[in-house]
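One structure below.
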Amino acid sequence: MSLTLYNTMTARKEIFEPLVPDTVTMYVCGPTVYNLAHIGNARPVVVFDTLFRLLQTQYDTVTYARNITDVDDKIIAAAREGERSIESVTTEFTAKYREDMAQLNALPPTLEPHATHNIDAMIALTRTLLEKGHAYESQGHVLFAVESMADYGKLSKRSLDDMLAGARVEVADYKRHPGDFVLWKPAADEDPGWDSPWGRGRPGWHLECSAMIRAHLGDTIDIHGGGRDLIFPHHENEIAQSRCAHGGDYVRYWMHNAYLDIDGEKMSKSLGNFHTVRDLLQSYRGEVLRFALLSAQYRSPLNFSGELLDQAQATLDSLYSTLREVQDVAVDMEVNLADEPFYHALNDDLNTPVAIAEIHALCKQLHKAVPGEKPALKGRILAAGNLLGILEQDAVEWLQNAATSDAISAAAIEALIEERQAAKLARNYARADEVREELLAQGVVLEDSREGTRWKRKSD
RNA sequence: GGCUCGGUGACAGAGUGGUCAUGUAGCGGACUGCAACUCCGUGUACGCCGGUUCGAUUCCGACCCGAGCCUCCA
């Protein structure tokens, strides 16, 4: 079973082979911790978490690093606006980010390097670039000279000429070439800063990833991921920094997810059309959000809406309903992944929609299975869920869990069910139906069976 | 303006040169005291116009429409 991944650098799917056998290094651009994560920010987290899970099924050691950017203009601005310290801002939003991502069933990454803990490595990298003639000092800044790199622009498939032609931005006068970017910039006295050979300052945006990847994962890593909008300039500039400083390959497979759309427009902080994960968690469980994010392949834009979430909720309900049917069936966890269609789908550049379709196919089989076949089918469904980070909860709890605190209690529901049962025994079907209607009005669906009546909540 | 990338049924979303994605919702039926669950069935979907082909949603070309990047942004 070989994993194929679409590599942005080569613009095609490639068979994945790690540099070091049985060992994978992966780095994903994490948050700048100055406000709450929105659901668009959650997409790469869920996507690469799924990849992390998949990689762990076939490699002994998978090191997954996701950075925390805790020094940045936006953080400084947020602190100033809130009249609070930088540290209190970054501490608060780092914690909230971790909480929110955990709600989405995202496993903690292996490493979570903080920019401010790696300043020395950034200074060292800047020094190397200066020594090798790829950077220059100008008006207190240290800048990377893009013209010093022959194949600058390779990842984003644009040339320096194209960039000049398309330039819409005023060029800072300390730049030799409009495409040159800051490695180190001077810090105002009241802003966070670190002593450096070029005076007190702080790192440019692109520097931290290059420096931290080298410090924590090595000169060459296998996978580097992030959103499409990071391709240029962020990742292009990371490549420039790392390749020019240390030579060799920086990243072997570049992966970029498409974004979430709202009404055909991308969801973004600057457009103001975003929903924070925290807000959405008021109305939907984290697993619903995760499922919605996985319902499209990661390189396709995904239309985000309440309807999408409602559909995700309904679909998960039906999958959990299937699992409830086999609640008392033992699980056969001896799943041969190599034979599983869902596993093939995931290995094909993380084709999660097809993997989900295969789960539906397994559910269909399970409904028709004779008892002897059920443990294996249950095991296969759970194995698929495990890779996708879904279906890991107790089915009855999932189906009976109240979305809101003002919903009717389980005890009240069960009391009414008993009353209805009595009415049915008395052949008082009018009253029995009345109870059914009463509960339905409160979002509770009753299911009669030979074993008795069970119930679930249905959101709509 | 430069550089990319898309347009699939009510909605979401795969995929393919020649029977079928799949799900949610809808409709019809079976089952049910009534329901729900489940099962069975069901919708002339592939932006538009040409071309290649025995055959194109799938390949090629033009056109229309949309999005993204070029500036902080997943």
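Per chain, numbering begins at 1; letters A, B, ... match sequence-line order. Computed from heavy atoms alone, side chains included, the values below leave out hydrogens, waters and symmetry copies.
- The listed nucleotides are B/U24, B/A12, B/C72; the one nearest the side chain of A/L308 is B/A12.
- Going from the P atom of B/C64 to that of B/A45 covers 28 Å, rounded to whole Å.
- Residues A/F342 and A/L362 are in side-chain contact: their nearest non-hydrogen atoms beyond the backbone lie under 4.5 Å apart.
- Among the heavy atoms of the strands lying under 4.0 Å from A/G40 is at least one base atom, whether or not backbone atoms are also near.
- Taking the ring centre of A/F232 as origin, the terminal cationic atom of A/R158 falls inside the region bounded by 6.0 Å and 45° from the ring axis.
- With salt bridges taken as basic N to acidic carboxylate O contacts below 4.0 Å, one links A/R290 and A/D49.
- Taking 3.5 Å as the limit, the base of B/C34 and the side chain of A/R436 contain a donor-acceptor pair of atoms between them.
- Only the C1' atoms considered, B/G18 is 39 Å distant from B/C31, to the nearest whole Å.
- A/Q313 comes within 4.0 angstrom of no nucleic acid atom, judged by non-hydrogen atoms across all strands.
- The aromatic rings of A/W254 and A/H256 sit parallel, their planes meeting at an angle under 30°, below the 60° perpendicular limit.
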Problem set entry | Watson-Crick and G-U pairing of RNA chain B written in dot-bracket, each distance under 3.5 angstrom, with | for inter-strand partners | (((((((..(((.....[...))).(((((.......)))))....(.(((..]....))).))))))))....
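- In the set B/A21, B/U4, B/C40, B/A21 carries the atom at the smallest distance from any side-chain atom of A/V354.
- Counting distance only, with no hydrogens placed and no angle test, the side-chain atoms of A/Q311 and the base atoms of B/C11 include a donor-acceptor pair under 3.5 Å.
- With distances taken from any side-chain atom of A/L302 to the nucleotides B/C69, B/A14, B/A12, the minimum falls on B/A12.
- Salt bridge absent: A/E147 and A/R176 never bring a charged side-chain N and a carboxylate O closer than 4.0 Å.
- Within 4.0 Å (heavy atoms only), A/E358 reaches no atom of the nucleic acid at all.
- Taking atom C1' in both B/C59 and B/G17, the straight-line distance is 8 Å, to the nearest Å.
- Counting non-hydrogen atoms under 4.0 angstrom, A/K266 reaches a base of the nucleic acid.
- Under a 4.0 Å N-O distance rule, the pair A/K185/A/D73 qualifies as a salt bridge.
- Among the nucleotides B/G33, B/C40, B/G13, the one closest to any side-chain atom of A/Y429 is B/G33.
- Rounded to a whole angstrom, the distance from the P atom of B/A74 to that of B/C70 is 12 Å.
- Between the side chain of A/R420 and the base of B/G33, at least one donor-acceptor pair of N or O atoms lies under 3.5 Å.
- Note on A/R98 versus A/E112: salt bridge recorded, some NZ/NE/NH1/NH2 to OD/OE distance being below 4.0 Å.
- Between the base of B/A74 and the side chain of A/R43 there is no donor-acceptor pair shorter than 3.5 Å.
- Scanning residues 387-395 of chain A for heavy-atom distances under 4.0 Å to RNA chain B yields an empty list.
- Residue A/R420 forms a side chain to side chain donor-acceptor pair (under 3.5 Å) with just one option from A/D433, A/N428, A/D448, and that option is A/D448.
- In this structure, the nucleotide among B/A12, B/G23, B/C69 sitting nearest to the side chain of A/S295 is B/A12.
- Relative to the side chain of A/M267, the nucleotides B/A74, B/C11, B/C70 differ in distance, and B/A74 lies closest.
- The P atoms of B/C46 and B/C5 are separated by 25 Å, rounded to the nearest whole Å.
- Comparing the C1' positions of B/A10 and B/G43 gives an interatomic distance of 11 Å, to the nearest angstrom.
- A/E99 CD: more than 12 foreign heavy atoms inside a 6.0 Å radius.
- Listed nucleotides B/C37, B/A74, B/A14 differ in distance to A/Y259; the shortest reach to its side chain belongs to B/A74.
- Look at the P atom in both B/G47 and B/C54: the space between them is 24 Å, to the nearest Å.
- Closest heavy-atom contact between A/F48 and A/G225: CZ-CA, 3.5 Å.
- A/N351 comes within contact range of the sugar-phosphate backbone alone, with a heavy-atom separation under 4.0 Å but no base atom that close.
- At least one side-chain heavy atom of A/K154 sits under 4.5 Å from a side-chain heavy atom of A/D151.
- Of the candidate nucleotides B/A36, B/G68, B/C70, B/C70 has the atom lying nearest to any side-chain atom of A/F232.
- Taking atom C1' in both B/C69 and B/G41, the straight-line distance is 48 Å, to the nearest Å.
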